[in-house]
Amino acid sequence: MSEASIAPEKIWEGTAVSTGVAHAVVHVMKDHFDEPDATPIAPEEVESDLARWHRALEVTQTEIEALQTAMSGEECSAEADIFEAHVLILNDNSIRKQVEKTVREQLICVDAVYYRLMCKHMDALRGLSDSYLRERFLDIKDVTHRVMRHLRGEMLDHPMFEVPVIIVAHDLTPSDTVQLDRTKVLGFAIEMGSANSHAAIIARSLSLPAVVRMHNICDELHSGDSVLLDGDEGLLIRNPSAATLAKYRSREAQSDAREDALHTTRHQPAITSDGSTVMVSANAEFIEEMAAIRDSGAEHVGLFRTEFLHLEDPEGSEDWLADCYTRAVQAMTPGEVIFRTLDLGGDKMDPRMTFEAEPNPFLGWRGIRASLGRKDLFRRQLRALLRASAHGRIGIMFPMVSCVEEVREARALLDECAAELLHEKVPIGDDIAIGAMIEIPSAAVSADLIASEVDFFSLGTNDLIQYTIAVDRLNERVASLYQPTHPAVLRLIRMTVDAARVAGIRVCICGEMASDVELTPLLVGLGLDELSVATSQVPRVKHAIRQLNAADCRTLTEEVMSLGCTSTGLDKCRAMANARYPELFE
Ligand code: PEP
Ligand code: MG
């Protein structure tokens, strides 16, 4: 039992980014580490310090060998070879000798000596153009991280949990999130983060409570501490008292009653009181979400973020991908699944794709740019998607489109892949909708030009807002400037909807803005055909639409857009939402 479990109740406050309450033990992920201090050691401590390091090397070797055995089936022989290389690095005699010599001569703790030596090797390889040597850089990094974790006696990257846990972390990248045993994760409490980071988006997709900006929790909490995480109020309570637990139980009973009312109507269509239908679909990141999505009342999947499957297995074969996509499609039949092609980059980095850190990743090699630059990966994905299209209705959309040429190039590659598959006599569907995400201002402004190249638009407002207002979606310091109702954002949405109307194609919003029921009157007024939202929000958004009158919403939208003031516009929209469906804000 940890010390903290007998300590009195303690409350931390942060920013709530995904609703719900969870009560469980925490698992503290210390997956990043700063450079170890060069702590001096006494001559008599040298041997025990080196023995600690040797133990870490041994445990690391056992761990790598276990991975190697697990991967030694025929299909994974390439991965097994990688681990072979890791064992060689671990046992490199010159490294071992040099570490021992330095510790003995300089009397500095082994953590710092080993870490610095490995960094020297990495620095020598970083940025080299030879792809074999660049791979060695990643191998050394991987081995170093494993040894450092064991030196510190910490958990490994992909912990399997015996019991349900609340994850506590300094920061959680999308690739950290995909490695977690999600069947056991009940919530996230993170020191960094923002509402628009992908960790927060995933929490909302999985309907798990999440709170970010919780300062110092990694230092103060220990794995095994009992906590209550409140994703509605943004609180983390260690060792909640009996009174606190009772308060939360009664709150839960009230909210269950409210959710029950929404639950009964969730499969009914979302039609406004004057007869306008708005399709409500769900966003997904993982195949295991499909059952919950169907149960939520979503008519289809409006955005499947394929990056997360990629991060689960960056080397995954075309067959594996085709099988994953097919399972998603079959689970949603007769509904459609709109797959977004890889949107790596920004905060969803695959270290295997980029070896040099970019100064501005969100303005860099991201989305369709990276796919067109890595045609091998892009072809693999497009072929897998085409193969899945034989099993149900799919759409394919391209992320981060900034101009017409990108769409043309991507479509040409898709046509080539389709021709190849037909030649190989592999069946593919004959009715695949092709779309462009409109999430860069240049795409919104030239939406009329892009419209003739595609069958639908999907507005990625998470990025559209950040690029329009020049406000980093992950940076809490400027979070107050991140305003979906900024007049410039609304104008860009309107331009996109107008271009879609003229071209006769459908237009959806799949950014987080679509999940916010305070904004539903504005989105109905802007004339969106579809809102693709977090699964947990589907019944709420559908309910909100049914309480609205589209003509009133259009009048409201005209008024808001003529005001030119973000906050007054938001107040007007909130006022309509509160008047028409107050039950959603209780
Ligand atoms: C968006 O930008 O709104 C979007 C849906 O994509 P992502 O959040 O994955 O960038
Ligand atoms: Mg985006």
Side-chain angles (χ1 to χ4, degrees), residues 17-18 172-175 177-178 193-206 210 280-286 289 298 301-311 337-350 360-371 395-402 406 435-444 447 456-475 482-486 489-490 492-493 496 507-516 519 523 528 530-535 537 541:
V17 293
S18 182
L172 207 57
T173 65
S175 43
T177 322
V178 298
S194 77
N196 299 298
S197 63
H198 282 91
I201 290 175
I202 285 179
R204 290 194 287 271
S205 260
L206 300 176
V280 179
S281 50
N283 294 347
E285 285 79 30
F286 305 103
E289 288 177 70
V301 172
L303 162 65
F304 191 108
R305 292 183 165 94
T306 60
E307 308 73 73
F308 295 87
L309 267 177
H310 172 87
L311 291 170
V337 181
I338 308 273
F339 290 96
R340 173 175 79 184
T341 61
L342 284 179
D343 183 20
L344 293 168
D347 64 337
K348 289 169 293 186
M349 283 297 184
D350 171 3
N360 290 305
F362 275 105
L363 298 181
W365 207 52
R366 230 202 116 173
I368 192 70
R369 304 168 183 182
S371 287
I396 298 178
M397 66 180 174
F398 306 118
M400 293 294 294
V401 164
S402 64
E406 285 163 339
M437 284 197 69
I438 304 295
E439 49 186 345
I440 298 182
S442 65
F456 67 92
F457 282 150
S458 192
L459 277 147
T461 46
N462 304 339
D463 280 313
L464 188 63
I465 297 166
Q466 85 162 339
Y467 294 129
T468 304
I469 315 178
V471 48
D472 181 344
R473 63 191 267 187
L474 304 179
N475 185 343
Y482 189 93
Q483 291 295 347
T485 52
H486 189 295
V489 175
L490 299 181
L492 291 174
I493 296 176
T496 308
V507 55
C508 166
I509 287 194
C510 63
E512 296 300 299
M513 175 179 186
S515 295
D516 184 349
L519 301 179
L523 302 185
L528 274 304
E530 178 181 342
L531 302 179
S532 190
V533 307
T535 309
Q537 297 304 305
V541 173

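Both ligands and their constituent atoms are indexed starting at 1 by order of listing. As the structure is a computational prediction, the values presented were derived from the model and not from experiment.
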Trainee: Enumerate the atoms of ligand 1 whose separation from the nearest heavy atom of D463 is less than 4.0 angstrom.
Mentor: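 Close to D463: 1 (C), 2 (O), 3 (O), 10 (O).
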Trainee: With the side chain counted from C-beta on, respond yes when F398 and E406 share a heavy-atom pair under 4.5 Å apart, and no when they do not.
Mentor: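 SC-SC contact between F398 and E406 ruled out.
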Trainee: Return a yes/no value for H198: is any of its N or O atoms, backbone included, closer than 3.5 angstrom to an N or O of ligand 1?
Mentor: yes
Trainee: Are any side-chain N or O atoms of S194 and backbone N or O atoms of R473, one a donor and one an acceptor, separated by less than 3.5 Å?
Mentor: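 Yes; judged by distance alone, with no hydrogens or angles, the pair exists.
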Trainee: Side chains of E307 and R340: does their closest heavy-atom pair fall under 4.5 Å?
Mentor: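 In contact.
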Trainee: Could you tell me whether E307 and ligand 1 have an N or O pair separated by under 3.5 Å?
Mentor: no
Trainee: At less than 4.0 angstrom from any non-hydrogen atom of G460, what atoms of ligand 1 do you find?
Mentor: 1 (C), 2 (O), 3 (O)
Trainee: Can you find a heavy atom in the side chain of M400 that is under 4.5 Å from one in the side chain of D343?
Mentor: yes
Trainee: Between CG of N462 and CD1 of I201, what distance do you get to the nearest 0.5 Å?
Mentor: 4.5 Å
Trainee: Are the side chain of R204 and the backbone N or O of A534 linked by a donor-acceptor pair below 3.5 Å?
Mentor: no
Trainee: Report the name of the N/O/S atom of E439 located nearest to the Mg ion (ligand 2).
Mentor: OE1
Trainee: Heavy atoms only: which of R473, R340, M513 is nearest to atom 6 (O) of ligand 1?
Mentor: R340
Trainee: Of all the non-hydrogen atoms in the protein, which one sits nearest to atom 5 (C) of ligand 1, and at what distance?
Mentor: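 Answer, as residue, atom name and distance: R305 NH2, 3.5 Å.
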Trainee: Of all the atoms in ligand 1, which lie at a distance below 4.0 Å from a heavy atom belonging to G511?
Mentor: 3 (O)
Trainee: If the cut-off is 4.0 Å to any non-hydrogen atom of R366, which atoms of ligand 1 fall inside it?
Mentor: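 Listed by number with element, the hits are 10 (O).
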Trainee: Find out whether H198 and R305 are in side-chain contact, i.e. whether some heavy atom of one side chain is under 4.5 Å from a heavy atom of the other.
Mentor: yes
Trainee: Is any side-chain heavy atom of C510 closer than 4.5 Å to one of M437?
Mentor: yes
Trainee: Considering just N/O/S atoms, say which atom of D463 is closest to the Mg ion (ligand 2).
Mentor: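 It is OD2, the N, O or S atom of D463 closest to the Mg ion (ligand 2).
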Trainee: With heavy atoms of L303 as the reference, note each atom of ligand 1 found under 4.0 Å away.
Mentor: 5 (C)
